[in-house]
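Take a look at the structure below.
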Amino acid sequence: MKYINGDLIKLAQQGHFDVIIHGCNCFCAMGAGIAKQIRQHFPEAYIADRQTKKGDVAKLGTYSCAKVRSRQHDFVVVNAYTQFHWSGDGVKLDYDAVYRVFTLLKQDFSGLRIGYPMIGAGLAGGDWHIIAPIIDKALCEENHTLVCYQSA
């Protein structure tokens, strides 16, 4: 796993990534955190999320996605279903779902440049020290980068 500081959305628009991934709940909300920013900047990704069944626990460990056209670069935005719900106390992240979805993403996007934030470690309450090795294992030998948010 490579680490860089920056803005995942801007970096994707500038052509640094072929695929960007963010964590989603299973209720088609995309109303907070980076999911809200993704929704605002890339409505295609929100439309893809809304085309899935709201509140379906079977979505955990799967994803929806949309191809996005920017002025400089086309890329795919992945809505990774890594938590069932967004409300309540405690950890909402499902660690097994993280592994399952990243394993699928390796199969489907192998060989591409993949970027993501600290999925599950913010509003979902997960522990990045647990999440990072899960992602590293699932994306073994792929070109994948954690983008630690830093505004310009």
Worksheet entry | Heavy-atom closest contact (Ile21 atom, Ala80 atom, distance) | CG2-CB, 3.8 Å

Worksheet item: Cationic tip of Lys54 within the cone over Phe27's six-membered ring, i.e. under 6.0 Å and within 45° of the normal?
Response: no

Worksheet item: CD/Glu44 to CZ/Arg69 distance, rounded to the nearest 0.5 angstrom?
Response: 10.5 Å

Practice prompt. Sequence neighbours left out, what passes side chain to side chain contact (heavy atoms under 4.5 Å, CB included) with Lys2? Give chain and number order.
Written response: Asn143, Thr145

Worksheet item: Going from CG on Leu139 to OG1 on Thr103, what distance comes out if it is rounded to the nearest 0.5 angstrom?
Response: 8.0 Å

Practice prompt. Classify the ring geometry between Tyr116 and Trp128 as parallel (under 30°), tilted (30 to 60°) or perpendicular (over 60°).
Written response: tilted

Worksheet item: Who else is in the cluster with Ile47 when I, L, V, M, F, W and Y are joined by side-chain contacts under 4.5 Å?
Response: none

Item to complete: State yes or no: do Leu123 and Tyr81 share one hydrophobic cluster built from I, L, V, M, F, W and Y residues joined by side-chain heavy-atom distances below 4.5 Å, directly or via other members?
Response: no

Worksheet item: Would Tyr99 and Asp94 count as having a side-chain donor-acceptor pair, cut-off 3.5 Å?
Response: no

Item to complete: Flag the pair Ile134 / Phe102 as yes when at least one side-chain heavy-atom distance between them is below 4.5 Å, and no otherwise.
Response: no

Fill in: Asp7 and Tyr149, any side-chain heavy atoms less than 4.5 Å apart
yes

Discussion item. Against His22, only a single residue in Thr82, Val78, Asn79 fulfils side-chain contact (heavy atoms from CB on, under 4.5 Å); can you say which?
Written reply: Asn79

Worksheet entry | Which atom of Cys65 lies closest to which atom of Ala48, heavy atoms considered | O-CB, 3.4 Å

Fill in: Pair Ser64-Gln51, side-chain donor/acceptor within less than 3.5 Å
no

Item to complete: Report yes if some heavy atom in the side chain of His85 is under 4.5 Å from a heavy atom in the side chain of Asn25; otherwise report no.
Response: no

Practice prompt. List the atom of Ser110, the atom of Glu142, and the distance in Å for their closest heavy-atom pair.
Written response: OG-OE2, 2.7 Å

Worksheet item: Going by atom types only, do Tyr63 and Asp108 share a side-chain donor-acceptor pair under 3.5 Å?
Response: yes

Item to complete: Specify the closest pair of heavy atoms between Thr52 and Cys28, including all atoms of both residues, with the distance to one decimal.
Response: OG1-SG, 3.6 Å

Fill in: His41 side, atom NE2; Lys36 side, atom NZ - distance, nearest 0.5 Å
11.0 Å

Worksheet item: Linking I/L/V/M/F/W/Y whenever their side-chain heavy atoms sit closer than 4.5 Å, directly or via other members, would Val98 and Leu60 fall into one cluster?
Response: no

Worksheet, complete the sentence: Between the CD atom in Gln83 and the NZ atom in Lys59, the distance rounded to the nearest 0.5 Å is 11.5 Å

Item to complete: For the residue pair Arg100 and Leu104, establish whether any side-chain heavy-atom pair is separated by less than 4.5 Å.
Response: no

Practice prompt. Give the minimum heavy-atom separation between Lys92 and Gly90, together with the two atoms involved.
Written response: NZ-O, 2.9 Å

Worksheet item: Under 4.5 Å between side-chain heavy atoms, hopping through other hydrophobics if needed: is there a path connecting Val57 to Val91?
Response: no

Worksheet item: For atom CZ of Arg113, is the number of surrounding heavy atoms from other residues, nucleotides or ligands below 6.0 Å larger than 12?
Response: yes

Discussion item. Within the 4.5 Å heavy-atom criterion, are Pro133 and Met1 side-chain neighbours or not?
Written reply: no

Discussion item. Through direct or indirect side-chain contacts below 4.5 angstrom among Ile, Leu, Val, Met, Phe, Trp and Tyr, which residues connect to Val68?
Written reply: Ile4, Leu8, Ile9, Leu11, Phe17, Ile20, Met30, Ile34, Ile38, Phe42, Tyr46, Phe75, Val77, Val147

Discussion item. Any heavy-atom pair between the side chains of Asp136 and His144 that's under 4.5 Å?
Written reply: yes

Worksheet item: Between Gly23 and Ala35, what is the shortest heavy-atom contact and its length?
Response: O-CB, 4.4 Å

Worksheet item: Any side-chain heavy atom of Cys26 within less than 4.5 Å of one from Asp56?
Response: no

